[in-house]
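Accompanying notes for the structure given below.
Lettering of chains follows the sequences in order, A, B, ..., and the numbering in each one begins at 1.
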2 protein chains.
Amino acid sequence: MRPMARTTGSHSDITGPRIRAAALKLFAKAGYAAVSMRQIAGEVGVQAGALYLYTPDKQTLLFDLMDGHMADLLAAWQAEPKGQGALAALEAFVRFHIRYHLDRSDEVFIAYMELRNLEPANFTAVEARRRAYEAELEAILAEGQAAGAMAPGELRLTAMAVIAMLTGVVTWYREGGRLSRADVEEEYWRLVRGMVVGGP
Amino acid sequence: MRPMARTTGSHSDITGPRIRAAALKLFAKAGYAAVSMRQIAGEVGVQAGALYLYTPDKQTLLFDLMDGHMADLLAAWQAEPKGQGALAALEAFVRFHIRYHLDRSDEVFIAYMELRNLEPANFTAVEARRRAYEAELEAILAEGQAAGAMAPGELRLTAMAVIAMLTGVVTWYREGGRLSRADVEEEYWRLVRGMVVGGP
DNA sequence: GTCTATATGCTGATAGAC
DNA sequence: GTCTATCAGCATATAGAC
């Protein structure tokens with residue numbers, strides 16, 4: 001059996017995650033460039049020097065948060081039940097995207113806002129995951145078009161439009177407000193269906 | 001008559017705008033917090049100290065760019081011909097928004113990304129202009145609903161969805177690519193019409 | 001594993017020469 | 001109007017005590 005948790009001393013198994021959580025929170029609120037390693041350390045309750053036991057530098061801390069988020073997003077979508085047919089898959093995508101993004105608004109915010117603060121190699125890696133996610137939606141639209149269930153028009157433009165529209169929910173939705181999450185999912189799905197099923 | 005422009009010496013009438021242009025470019029590329037006053041001065045070709053003849057501080061430089069952009073946007077929309085009826089006004093809004101945003105991608109980028117770097121009073125001012133712009137679209141949707149020409153559902157949600165979707169064009173559109181600006185306007189208008197005219 | 005102390009350098013902003 | 005020189009402070013990251 002493992003020994004009881006010590007009340008003081010070693011915390012290597014929890015300090016790492018706490019540092020990432022603090023960095024996430026602060027980066028989301030003030031932006032990567034505006035947050036100092038001292039602030040992150042202060043949030044965790046350690047000294048600045050101690051951070052470097054868990055991350056080689058500030059840039060890697062940012063990259064780990066962003067890349068981890070995108071990897072989790074892709075994995076979660078791939079694990080999501082899709083139903084039958086392209087229209088059902090599109091509905092699943094819309095509801096999944098909203099739900100996932102509302103649950104992780106800090107991660108989403110960073111993943112969209114801090115791209116320019118990634119070093120080139122890190123940017124490339126994160127961007128590849130983003131393109132993969134966008135390609136998932138594009139494939140659904142292509143399938144729907146081929147099956148005659150949708151008329152989405154220009155595929156990439158439509159995919160980008162849908163994702164931008166859905167992601168925007170994090171900028172205005174407030175918990176406990178006029179609309180419930182279920183309302184929001186429903187409304188957005190109605191809008192997206194109108195966009196891609198539509199007419200002449 | 002005014003004297004001929006001097007080739008050296010006083011430049012007070014052009015240095016101010018050049019500083020704002022340099023700040024705009026650098027803020028858009030690297031972010032407000034990551035750009036130093038020395039970099040801005042270097043871009044203009046003056047020393048850092050000289051900047052303070054044209055702006056009291058860095059924060060005011062950011063605020064002037066953001067507030068000026070929002071004011072210009074509102075004024076340009078109010079000067080735009082709207083056609084007759086809510087559907088024509090909606091089409092005008094879509095085409096105007098895309099055109100204006102593609103023409104000023106740096107300003108747009110800053111106006112959306114640097115809100116959190118504004119001091120509270122400045123934030124309030126910029127935010128008020130943004131709400132006014134969003135209210136313009138919301139009013140069109142309300143009018144269309146009242147006239148029975150649209151079924152936009154939840155008004156504020158739909159307005160936010162449309163604006164997020166349209167603004168997203170600056171993140172993927174590249175001049176000289178597969179689609180012309182006219183193509184993009186046309187496609188987005190088709191998507192928006194499907195969203196708000198739609199069915200059951 | 002965390003601390004204190006420190007290196008090296010850059011920051012926004014100002015003072016005063018020219 | 002722009003320059004050089006400078007202030008006071010904070011940045012990231014490291015070294016070494018405990």
Side-chain angles (χ1 to χ4, degrees), chain A residues 2-24 26-27 29-65 114 116-119 121-122, chain B residues 2-24 26-27 29-66 110 114 116-119 121-122:
Chain A
R2 294 176 64 205
M4 300 267 298
R6 282 157 286 182
T7 55
T8 183
S10 167
H11 301 286
S12 73
D13 47 350
I14 60 165
T15 305
R18 287 186 63 215
I19 288 171
R20 267 182 288 280
L24 174 69
L26 292 171
F27 288 167
K29 189 159 71 174
Y32 172 77
V35 172
S36 71
M37 294 296 268
R38 279 172 181 78
Q39 283 176 276
I40 298 169
E43 181 81 15
V44 175
V46 298
Q47 295 295 317
L51 298 182
Y52 293 88
L53 295 168
Y54 302 94
T55 183
D57 51 32
K58 192 185 174 188
Q59 168 71 204
T60 303
L61 200 46
L62 176 64
F63 174 69
D64 285 347
L65 290 173
E114 304 296 354
R116 60 185 170 185
N117 286 310
L118 288 174
E119 288 167 4
N122 292 340
Chain B
R2 295 178 61 206
M4 301 264 300
R6 282 158 288 181
T7 55
T8 181
S10 166
H11 301 285
S12 73
D13 46 350
I14 59 166
T15 305
R18 288 186 62 215
I19 288 170
R20 267 181 289 280
L24 175 69
L26 292 170
F27 289 168
K29 189 157 74 174
Y32 172 77
V35 172
S36 71
M37 294 298 268
R38 279 170 180 78
Q39 285 176 272
I40 297 169
E43 181 81 13
V44 175
V46 298
Q47 295 294 318
L51 298 183
Y52 293 88
L53 295 168
Y54 303 94
T55 183
D57 51 32
K58 190 185 175 188
Q59 168 71 203
T60 303
L61 200 45
L62 175 64
F63 173 69
D64 286 347
L65 290 173
M66 293 179 69
I110 289 178
E114 304 296 355
R116 61 185 169 185
N117 286 310
L118 288 175
E119 288 167 4
N122 292 340

Open item on the list: If you compare every side-chain N and O of B:T15 against the phosphate oxygens of D:dG1 (OP1, OP2), does one of them come in below 4.0 Å?
Closed with: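 Indeed not, no polar side-chain atom of B:T15 lies that close.
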TODO: Look at the side chain of B:Y32 and the backbone N and O of B:Q59, then say whether any donor-acceptor pair between them is shorter than 3.5 Å.
DONE: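 Looks like yes, one N/O pair under 3.5 Å.
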- [ ] Can you tell me the distance, in whole Å, between the CD atom of B:Q47 and the P atom of D:dA5?
- [x]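 Nearest whole value for this atom pair: 10 Å.
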Task: Gap between atoms CZ and P, on B:R18 and D:dG1 respectively (whole Å) - done: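 In whole Å, D:dG1 P lies 15 Å from B:R18 CZ.
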TODO: Determine, for nucleotides 12-18 of chain C in 5'-to-3' order, which nucleotides have protein heavy atoms under 4.0 Å from the base (write B), from only the sugar-phosphate (write S), or from neither (write -).
DONE: BBB----
Contact check, side chains of [X] and [Y], non-hydrogen atoms, under 4.5 Å:
X: B:T60; Y: B:N122; value: no
X: A:Y52; Y: A:M37; value: yes
X: B:L61; Y: B:I40; value: yes

- [ ] Return the set of residues passing side chain to side chain contact (heavy atoms under 4.5 Å, CB included) with B:R38 (not counting sequence neighbours), or none when no residue passes.
- [x]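 Once residues adjacent in sequence are excluded, the partners of B:R38 under the side chain to side chain contact (heavy atoms under 4.5 Å, CB included) criterion are B:S36, B:A48.
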